[in-house]
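Notes follow once the structure below has been shown.
Here is the naming used below: chain letters follow the sequence lines, and residue numbers restart at 1 for every chain.
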2 protein chains.
Amino acid sequence: MHHVQREQRVLDAASSLICRLGYDKTTMDDISREAGVSKGAVYLHVPSKEALLETLLMREMHRYASQWIAVVQSEPDGGTMGGMFRAMLLALADHPFMSAMLREDSQILGSYLRKPDNLLRKQGGRNTRAILIEQMQQAGAVREDIDPIIAAHILKMLSYGLISMGQIMSEDQIPELGPLVDAIASMLDSWMTPLLGFDSEAGKTLVRQMVEAAQTSDKPEQSE
Amino acid sequence: MHHVQREQRVLDAASSLICRLGYDKTTMDDISREAGVSKGAVYLHVPSKEALLETLLMREMHRYASQWIAVVQSEPDGGTMGGMFRAMLLALADHPFMSAMLREDSQILGSYLRKPDNLLRKQGGRNTRAILIEQMQQAGAVREDIDPIIAAHILKMLSYGLISMGQIMSEDQIPELGPLVDAIASMLDSWMTPLLGFDSEAGKTLVRQMVEAAQTSDKPEQSE
DNA sequence: ATATGACTAAAACAGCAAAATCAGTCAAAC
DNA sequence: GTTTGACTGATTTTGCTGTTTTAGTCATAT
């Protein structure tokens, strides 16, 4: 069995278990058993449980970002603010760890959240969302009179709200995801998109560039 | 000293202490000391600690609703969806207990949240927000092609997001409240308000009626 | 080489009794 | 009549014990 194959199986096992039981209640023995490998083998891929979670989080972030780009590229309205954000919310709903990170869910992330130098605290640097909106403005895809920082914050409120409502109200009171994100997209479009037509492709390019920039800065060890 | 006066002082003391320390860590002795009355006197007004919190929650809900109505009535755009919601968010930001209830904050509400028949669970009945939006549509103040249930849910996501962001990011990363709610209001207006002019007063009346209906249904013991 | 699982040290946990806390009461003071 | 605060019993916390769990290792087997 190849290393890469086995690493995937370990990560998959860890992912499914941690989603179900949470980081604290999932043991390394559980993971190795679920992955069908020995415990020692797990430690050939990952130096510690904490690092395993971080690897997992990174993988999920990359998958999430990739899905986001892919949808943005393929949809005709992927370059509009609404289309962009709808793709983001749908990708978010598909990636439980991404959601757990965004809402800092202690049920899933458990004691990892309390570590002083966890991944969440690190990436609290510059406001990439605001920068994207600013670039969208320069490209003519977003109205000039909107403050990028405030708009970025509203987007954050919406994403946070979307993935958190399940915690405080029963599932059957929450509308279906599809129509809900469609409505959010149309709301954003009517608010942010200028009346004049604009180049949707420009928006798509901006998203791709932003994600690629973020992903290369994740892995400085690959630079040469 | 009059009963009513003292009751206010007790409630004020309880409010300030519970906001700071949370329900669990605030003792009845703390409250009586802070209010400057004896413990026995507290029990002349309130039968139990739990009832004290519920009295407090009711008072805060009424104050919140009153402030909301007042601002809606006084502002020129109070009858538009945006103006209405801006007034609501500002009132929310002024009423910590209302916010704590909305976000089901266990830091503040503590063990009260776990009680099986608390106030929060009771009022989980019909979706008053959606009904208001439906009525706004009938009054011509909201576009017909918007689904009231979905729109109501988006409003809930926005309120929840607004009062919850402080929990997951530092205060200095959050924009000022005024410009933020202005932006949200203008977003909602551009999304929900029809292009044709409409009667803003009609919207104000709807809000007043809704709040009054809710407040009278709170006190069935006063009927007769 | 590569992979394993018994092993270890450290941490988490369950059980328990003593001590402290606190919601609620009521005889006494005003 | 009104108000008080010392008092009470139930609950929670604390400090301790012995036991179990678990992250990570490494001598051995493949």
Side-chain angles (χ1 to χ4, degrees), chain A residues 1-18 20-57 106-119, chain B residues 1-18 20-57 106-119:
Chain A
M1 186 192 294
H2 282 329
H3 267 220
V4 276
Q5 256 177 34
R6 191 174 53 185
E7 175 151 349
Q8 294 309 312
R9 293 187 49 185
V10 169
L11 290 177
D12 289 343
S15 172
S16 120
L17 284 169
I18 294 177
R20 190 145 40 87
L21 309 173
Y23 176 71
D24 288 339
K25 287 289 168 196
T26 303
T27 71
M28 295 299 268
D29 287 271
D30 288 339
I31 292 170
S32 66
R33 200 175 328 112
E34 176 93 2
V37 300
S38 71
K39 189 139 76 116
V42 173
Y43 281 91
L44 294 175
H45 292 102
V46 165
S48 71
K49 188 184 180 186
E50 190 179 328
L52 170 59
L53 181 65
E54 293 188 340
T55 313
L56 204 50
L57 291 174
S106 61
Q107 295 249 64
I108 293 185
L109 268 14
S111 58
Y112 179 74
L113 271 185
R114 273 158 249 142
K115 309 245 177 197
D117 53 348
N118 64 32
L119 273 182
Chain B
M1 187 191 294
H2 283 331
H3 268 221
V4 277
Q5 253 178 35
R6 191 172 56 186
E7 176 150 348
Q8 293 309 311
R9 294 185 50 183
V10 168
L11 289 176
D12 290 342
S15 172
S16 122
L17 284 168
I18 295 176
R20 190 145 41 88
L21 309 173
Y23 176 70
D24 288 338
K25 285 287 168 197
T26 302
T27 71
M28 294 301 266
D29 286 273
D30 288 339
I31 293 171
S32 65
R33 202 176 324 115
E34 176 92 0
V37 299
S38 72
K39 188 140 76 118
V42 172
Y43 281 92
L44 294 175
H45 292 102
V46 167
S48 71
K49 188 183 180 185
E50 190 178 331
L52 170 59
L53 181 66
E54 293 188 340
T55 311
L56 205 51
L57 291 174
S106 61
Q107 294 250 65
I108 291 187
L109 270 13
S111 58
Y112 179 74
L113 271 183
R114 273 158 249 142
K115 310 243 177 201
D117 54 348
N118 63 33
L119 274 182

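- D:dA23 atom P lies 12 Å from atom CG of A:Leu17, rounded to whole Å.
- Without hydrogens or angle criteria, B:Asp24 side chain to B:Ser111 main chain gives a donor-acceptor distance under 3.5 Å.
- To the nearest angstrom, P of C:dA6 lies 16 Å from OH of A:Tyr43.
- Defined by atom type and a distance below 3.5 Å, a donor-acceptor pair is present between the side-chain atoms of A:Thr27 and A:Asp30.
- In this entry the distance linking CG of A:Asp30 with C1' of D:dT22 reads 10 Å, nearest Å.
- A cation-pi contact, defined as under 6.0 Å to the ring centre and within 45° of the axis, is absent between B:Lys49 and B:Tyr112.
- The CG-C1' distance, from A:Asp29 to D:dT22, rounds to 7 Å in whole Å.
- A:Arg6 has a side-chain polar atom (N or O) that falls below the 4.0 Å cut-off from OP1 or OP2 of C:dA3.
- Following rounding to the nearest Å, A:Leu53 (CG) and D:dA23 (C1') show an atom-to-atom distance of 15 Å.
- Of all nucleotides listed (D:dG24, D:dT22, C:dT4), D:dT22 comes nearest to the side chain of A:Thr27.
- Looking at heavy-atom distances under 4.0 Å, B:Lys49 makes contact with sugar-phosphate atoms alone, never a base.
- Heavy atoms of B:Ser111 sit nowhere under 4.0 angstrom from any nucleic acid atom.
- If you check C:dT4, C:dA23, D:dT3 against the side chain of B:Leu44, the one that comes closest is D:dT3.
- A donor-acceptor contact shorter than 3.5 Å is absent between the side chain of B:Ser15 and the backbone of B:Leu11.
- A:Arg33 places its CZ atom 12 Å from the P atom of C:dG5, with the value rounded to the nearest Å.
- Look at CE on B:Met28: it is 17 Å from P on D:dT11, rounded to the nearest Å.
- At whole-Å resolution of the value, NE2 in A:His45 and P in D:dT25 are 16 Å apart.
- Comparing atom distances between the B:Lys39 side chain and each of C:dA3, D:dT25, C:dG24 picks out C:dG24 as nearest.
- The main-chain N or O of B:Arg20 is never found under 3.5 Å from a side-chain atom of B:Lys25 such that the two would form a donor-acceptor pair.
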